[in-house]
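Beneath this line is the structure, given in structure tokens, with notes to follow.
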Amino acid sequence: VETSNIFENGSVGSYDWSGNGDDAAFNSMLALNSVLTNDKLMNEYVTDASIGAQTEWVVTMPTKRFHVDANPANEGGAGVTAGSPVAPFTRTTKYNKTAASQTFACEDVSFSFWDREEQQVSESETAVPPVVSPMPQIPSEDPDLFQLCREANVIRFASDDSYPDASGILKEPKRADTVFGYNNFELAYSEGWMELDLADVPEASEINDTVDIRRSLPADKDGESKEFTGLPVVGFAVTTYTNGNVGDGVLSNYGGTFQHRTSRTIVSSGQ
């Protein structure tokens, strides 16, 4: 299937991806991508220590390997250069015998966060700035940047400066000295919202010199060339609570999962 039907602005639009070459499987993958591609991803988090709250997010990119594998050289459809990442991804993974010569297909991402009343930290406040571990492997000290490096990424929210060997809920290992561990966020609020910008490549990123916004390869919609901005992602948040203040020696343990909220932006090619 080289077409996709996308719900947008109250109606369903049909997109034809066959113009990206003669490889039907490749075009089918692009059609699948369009269903998953989002420019923003949002969800809640809770880290209130008084109720033992923990939150972790899972952000997966199920089609990533078809975009970033440069060994052997990526041979996609029309407009795709062998050995280069397939849009909307911006880096390739290259495996070599020496670790020093390996490169990983990390996507540089910026984020914003709010408290549960949707207030943000102002520059005049003395609240703790965001702390992200591990630090991005890019030439930047901007605390509002991090990297999604895996097909299945775990993001842990911390209530303090802890960075344990494994995340508390999903038990994802830290994997010290590598970009493939979980991301550890320490934010100014013990509960609130966070939003990931999946479309705009941060200005501090070295990739920004060549790509400033992530766009898909083009699709035809009613004779007009269209592109989807962002990354093809799916996932969820999970929060657990351990409340020892219920009374009469009662310990309450409970939790839940919450689907990510997302937004979609489709633009005309060349816009």
Heavy-atom pair with the smallest gap, counting every atom of Asp161 and Glu186:
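That would be CA-OE1, 3.5 Å.
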A cation-pi test, strictly: NZ or CZ of Lys64 under 6.0 Å from the centre of the six-membered ring of Phe89 and no more than 45 degrees from its axis. Yes or no?
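Negative - Lys64 is either too far from the ring of Phe89 or too far off its axis.
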Aromatic contact between [X] and [Y], with the criterion being ring centroids under 6.0 Å apart: yes or no?
| X | Y | answer |
| --- | --- | --- |
| Phe185 | Phe113 | no |
| Trp114 | Tyr189 | no |
| Tyr45 | Phe258 | no |

Under the side-chain hydrogen bond (donor to acceptor under 3.5 Å, both in side chains) test, which residues partner [X], sequence neighbours left out?
| X | answer |
| --- | --- |
| Tyr15 | Glu8 |
| Thr262 | Asn38 |
| Glu56 | Ser167 |

Taking atom CD as the centre, does Glu203 end up with more than 12 heavy-atom neighbours from other residues, nucleotides or ligands that are less than 6.0 angstrom away?
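Open.
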Give the other cluster members for Phe7, using side-chain heavy-atom distances under 4.5 Å between Ile, Leu, Val, Met, Phe, Trp and Tyr residues; answer none if it is isolated.
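Taking Ile, Leu, Val, Met, Phe, Trp and Tyr as members, Phe7 shares its hydrophobic cluster with Val12.
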Are Val59 and Val68 linked, directly or through other ILVMFWY residues, by side chains that come within less than 4.5 angstrom of each other?
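Yes; tracing contacts between hydrophobic side chains, which count when under 4.5 Å, links both residues.
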If you look only at pairs with a residue in residues 202-225, which of them pass as a ring-ring contact (aromatic ring centres under 6.0 Å, His included), with sequence neighbours excluded?
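Passing the test, one end in residues 202-225: no pairs.
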Cut-off 3.5 Å, side chains only: do [X] and [Y] have a donor facing an acceptor?
| X | Y | answer |
| --- | --- | --- |
| Thr3 | Asp16 | no |
| Asn43 | Arg261 | yes |
| Glu224 | Ser268 | yes |
| Ser190 | Thr47 | no |
| Ser18 | Asn27 | no |

Start with the C-alpha distance between Val35 and Ile6, add both sets of side-chain angles, then the distance that settles side-chain contact (heavy atoms from CB on, under 4.5 Å), and finish with yes or no.
CA-CA 7 Å; Val35 178; Ile6 305 299; 3.9 Å; yes
Lys/Arg N to Asp/Glu carboxylate O, Glu107 vs Arg214, below 4.0 Å:
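Salt bridge: yes.
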Table please: side-chain donor-acceptor pairs of residues 193-200 below 3.5 Å, with sequence neighbours left out.
unit_1: Asp197; atom_1: OD1; unit_2: Ala199; atom_2: N; d: 3.1
unit_1: Asp197; atom_1: OD1; unit_2: Asp200; atom_2: N; d: 3.1

